[in-house]
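What follows is a set of notes on a single structure, which appears directly below.
Just so you know, residue 1 is the first one in the sequence shown, and it goes up from there. Nothing here was measured: the structure is a model prediction, and the numbers come from that model. In each ligand, atom 1 is the first atom listed, and ligand 1 is the first ligand listed.
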Amino acid sequence: MAHKKEVIRISRGAIDLLLVEARANPNIECCGLLGGRDGLISAVLPAKNALQSAKAYEIASEELFALFRRTRAEALEHLGIYHSHPKGENSPSPLDLERAFYPDAAYLIISPDLNASHPVRAFRIVAGRARELPLEIV
Ligand SMILES: [Zn+2]
């Protein structure tokens, strides 16, 4: 297992929803959870950015717990967390590294920029270090 090449599998529909979310409000980081089954991300669960900021995001704890409940109720696995970077590169910021509390989750960062070469990128963040993982769109 340790030597298996890791990829993040995601449905085309989920990718499209993430881009819609990121572009809907290009001045505030969008954020939310990603769910799915058998390791395939297929559900996007948008949350409110409690900071209403273009440079950071936070999901209020009550909303986070409600989203986790919904994930369980719909028999979905919690597979990841997403947010957008309205400005600049869609790679983890120092704050993203510091606040990545789920080592098993995929962190997806979206750019609303229509010219971005990779508008959706995936990272695994463990102990403050990020590793980019290839996305397999199915
Ligand atoms: Zn970020």
Side-chain angles (χ1 to χ4, degrees):
M1 285 297 278
H3 299 286
K4 198 179 159 206
K5 192 172 183 313
E6 211 181 351
V7 298
I8 301 297
R9 297 171 65 236
I10 184 166
S11 71
R12 165 59 63 189
I15 286 275
D16 290 345
L17 269 173
L18 290 174
L19 292 172
V20 166
E21 281 290 310
R23 291 168 183 163
N25 199 340
N27 298 313
I28 291 175
E29 289 196 6
C30 71
C31 57
L33 300 186
L34 299 164
R37 293 190 180 93
D38 300 321
L40 170 67
I41 296 170
S42 57
V44 174
L45 293 85
K48 182 177 186 221
N49 181 349
L51 303 177
Q52 293 288 291
S53 163
K55 291 178 180 162
Y57 74 100
E58 193 174 292
I59 304 174
S61 53
E62 315 83 72
E63 183 168 23
L64 190 60
F65 295 143
L67 288 173
F68 280 134
R69 276 196 302 275
R70 198 179 127 199
T71 304
R72 279 195 300 273
E74 293 178 17
L76 294 166
E77 301 158 19
H78 171 225
L79 296 174
I81 297 163
Y82 73 87
H83 72 286
S84 66
H85 280 181
K87 307 268 184 289
E89 279 297 309
N90 52 331
S91 55
S93 67
L95 197 60
D96 292 335
L97 297 177
E98 195 180 303
R99 293 186 178 175
F101 302 124
Y102 301 93
D104 295 326
Y107 284 85
L108 268 58
I109 307 182
I110 306 124
S111 171
D113 185 345
L114 295 172
N115 297 314
S117 54
H118 297 96
V120 182
R121 295 173 70 184
F123 302 85
R124 188 80 70 191
I125 305 176
V126 180
R129 285 166 181 260
R131 187 161 54 95
E132 184 160 16
L133 297 176
L135 276 172
E136 184 186 327
I137 301 170
V138 297

Tyr102 and Tyr107: CA distance, side-chain angles, deciding distance, side chain to side chain contact (heavy atoms under 4.5 Å, CB included) verdict
CA-CA 9 Å; Tyr102 301 93; Tyr107 284 85; 3.7 Å; yes
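- For the residue pair His85 and Asp96, a side-chain donor N or O sits within less than 3.5 Å of a side-chain acceptor on the partner.
- The shortest distance between side-chain heavy atoms of Glu58 and Arg99 falls below 4.5 Å.
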Using distance only, find each side-chain donor-acceptor pair of residues 29-48 under 3.5 Å and give its atom names and separation, not counting sequence neighbours.
residue	atom	partner	partner atom	Å
Glu29	OE2	Ala56	N	3.2
Arg37	NE	Ala75	O	3.2
Arg37	NH2	Glu74	O	2.7

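- Using a 4.5 Å heavy-atom threshold, the side chains of Ile109 and His83 count as touching.
- By the criterion of a separation under 2.8 Å, the protein N/O/S atoms near the Zn ion (ligand 1) amount to His83 NE2, His85 NE2, Asp96 OD1, Asp96 OD2.
- Atom CZ of Phe65 has 12 or fewer heavy atoms from other residues, nucleotides or ligands within 6.0 Å.
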